[in-house]
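Labels below follow one simple rule: chain letters A, B, ... track the order of the sequence lines, proteins then strands, and each chain is numbered from 1. Only a predicted model underlies this, so the values are computations on that prediction, with no experimental measurement involved.
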Amino acid sequence: MAYIDPHIHMVSRTTDDYQRMAQAGCVAITEPAFWAGFDRSSAQGFFDYFRQLTDTEPERAANYGIKHHCWLCINPKEAEDVGFAREVISIIPDFIDCKNVLGIGEIGLNKNSKNELIILEEQLALAERLNQLVLVHTPHLEDKLKGTILIMDAIENSSLDPSRVLIDHVEEHTVHAVLDRGFWAGMTLYPDSKCTPQRAADIIEMHGTERLWINSAGDWGPSDPLAVPKCCLELASRGHSKSLINTISYDNPLSFLSQSGKFSVE
Amino acid sequence: MTKKEIVDQYFLEHRAKLLDIAAFLDRIDRSGETDADFRIKALMRCIKELESEKEGRTERILGILSDQTTEPIDHAGMKGACGVVPPTS
Ligand SMILES: [Zn+2]
């Protein structure tokens with residue numbers, strides 16, 4: 001069954017992963033800009049990373065029939081140094097018109113610090129100014145609940161339309177508020193943190209499929225690039241219809257991402 | 001799914017996860033160190049929550065493990081998270 005993985009960091013994955021994803025039915029992906037496991041020493045490092053996201057990865061993906069798209073930003077883990085973060089933000093407009101760039105992301109908070117919040121607000125303002133979709137990273141583990149609320153408050157203080165913002169990495173304690181406040185919500189399928197395929201299926205059963213998607217967020221840490229089809233299998237094993245599975249793994253990402261005017265699966 | 005179908009499909013998997021937790025606690029005991037670890041203390045609070053007969057255990061456990069303050073902190077310090085709110089020193 002064809003599916004879209006709307007959040008995966010292919011710069012950290014091998015070509016074999018592209019092949020396995022294609023074999024499992026992946027037709028399109030989106031890759032948010034994120035932390036590479038180490039702090040870049042200069043804004044130039046981000047210039048090169050944005051070239052990788054806009055030039056190199058689309059070509060690697062195309063070899064396996066997968067359409068590659070990306071999001072640009074300074075991620076919250078490297079946003080504590082406000083001066084450095086602003087230098088990176090100043091590069092983004094040079095890349096925003098590239099044909100595979102869908103918007104600003106994954107912006108958000110990591111430790112819920114004042115400086116992270118300043119840079120989040122500045123990137124929300126950039127998204128407003130450039131009329132871009134926004135993909136939001138919410139903090140890990142004990143920091144998620146507080147960070148998700150701070151992020152939603154910051155977005156509501158901007159003029160961004162919540163239906164053009166997806167708040168990712170929701171779990172049982174945050175999904176309700178995110179959907180209630182009109183945002184899209186993403187569930188990330190991770191082995192040790194965030195949601196397992198089973199818990200994601202539970203959340204779908206409790207909240208329905210409206211404005212909700214699933215993603216693998218596969219990266220350089222413990223993660224699984226085939227997590228989306230595994231969650232689809234979990235839903236099928238519980239007797240859910242092909243149409244529900246298609247909604248969560250294909251139609252919903254297609255609806256949200258198509259608002260960019262640049263997303264395509266062909 | 002019916003209750004029986006759910007139990008049939010998932011019981012053995014969760015029985016194994018329960019044994020993993022028990023073995024983990026036994027392993028800690030065998031270390032011979034008796035000082036309390038804030039993470040294990042939080043885990044034991046969460047385990048008590050499992051005995052609740054009210055639906056919503058997952059959300060309540062995530063609540064126990066979450067920072068319930070509302071103001072941004074002054075500086076990020078470390079990048080990682082440990083899964084439980086660390087004690088303030
Ligand atoms: Zn990510």
Inset, instruction - With the side chain counted from C-beta on, respond yes when B:L65 and B:C46 share a heavy-atom pair under 4.5 Å apart, and no when they do not. - result: yes
Inset, instruction - Determine whether A:I151 and A:I107 make a side-chain contact, defined as any pair of heavy atoms from C-beta on separated by less than 4.5 Å. - result: no
Legend entry - Segment of B:V85 engaging chain A (4.5 angstrom heavy-atom cut-off): both
Inset, instruction - Measure the shortest side-chain to side-chain distance between A:I203 and A:V170 over non-hydrogen atoms and say whether it is less than 4.5 angstrom. - result: no
Legend entry - Interface moiety of A:I149 toward chain B, non-hydrogen atoms closer than 4.5 Å: neither
Between chain B and chain A, going by a 3.5 Å limit, which atoms form donor-acceptor pairs, if any?
residue	atom	partner	partner atom	Å
B:Q9	NE2	A:S237	OG	2.9
B:Y10	OH	A:E234	OE2	2.2
B:Y10	OH	A:R238	NE	2.8
B:Y10	OH	A:R238	NH2	3.3
B:E13	OE1	A:Q198	NE2	2.9
B:E13	OE2	A:Q198	NE2	3.1
B:D67	N	A:E142	O	2.8
B:T69	OG1	A:K146	NZ	2.9
B:E71	O	A:K146	NZ	2.6
B:I73	N	A:N112	O	2.9
B:I73	O	A:K114	N	2.9
B:D74	OD1	A:K114	NZ	2.6
B:A76	N	A:E80	OE2	3.0
B:K79	O	A:N110	ND2	2.8
B:K79	NZ	A:D39	OD1	3.0
B:K79	NZ	A:D39	OD2	3.2
B:K79	NZ	A:K77	O	2.7
B:G80	O	A:K111	NZ	2.9
B:C82	N	A:E142	OE1	3.3
B:C82	N	A:E142	OE2	3.0
B:G83	N	A:E142	OE1	2.6
B:V84	N	A:E142	OE1	3.4

Legend entry - Listed partners of A:A85 passing side chain to side chain contact (heavy atoms under 4.5 Å, CB included), at least two apart: A:I74, A:I119
Legend entry - Residue pair A:P225 / A:I8, side-chain heavy-atom distance below 4.5 Å: yes
Legend entry - Non-hydrogen side-chain atoms of A:F183 and A:I155 separated by less than 4.5 Å: yes
Legend entry - Close side-chain approach of A:L244 and A:I204, heavy atoms under 4.5 Å: yes
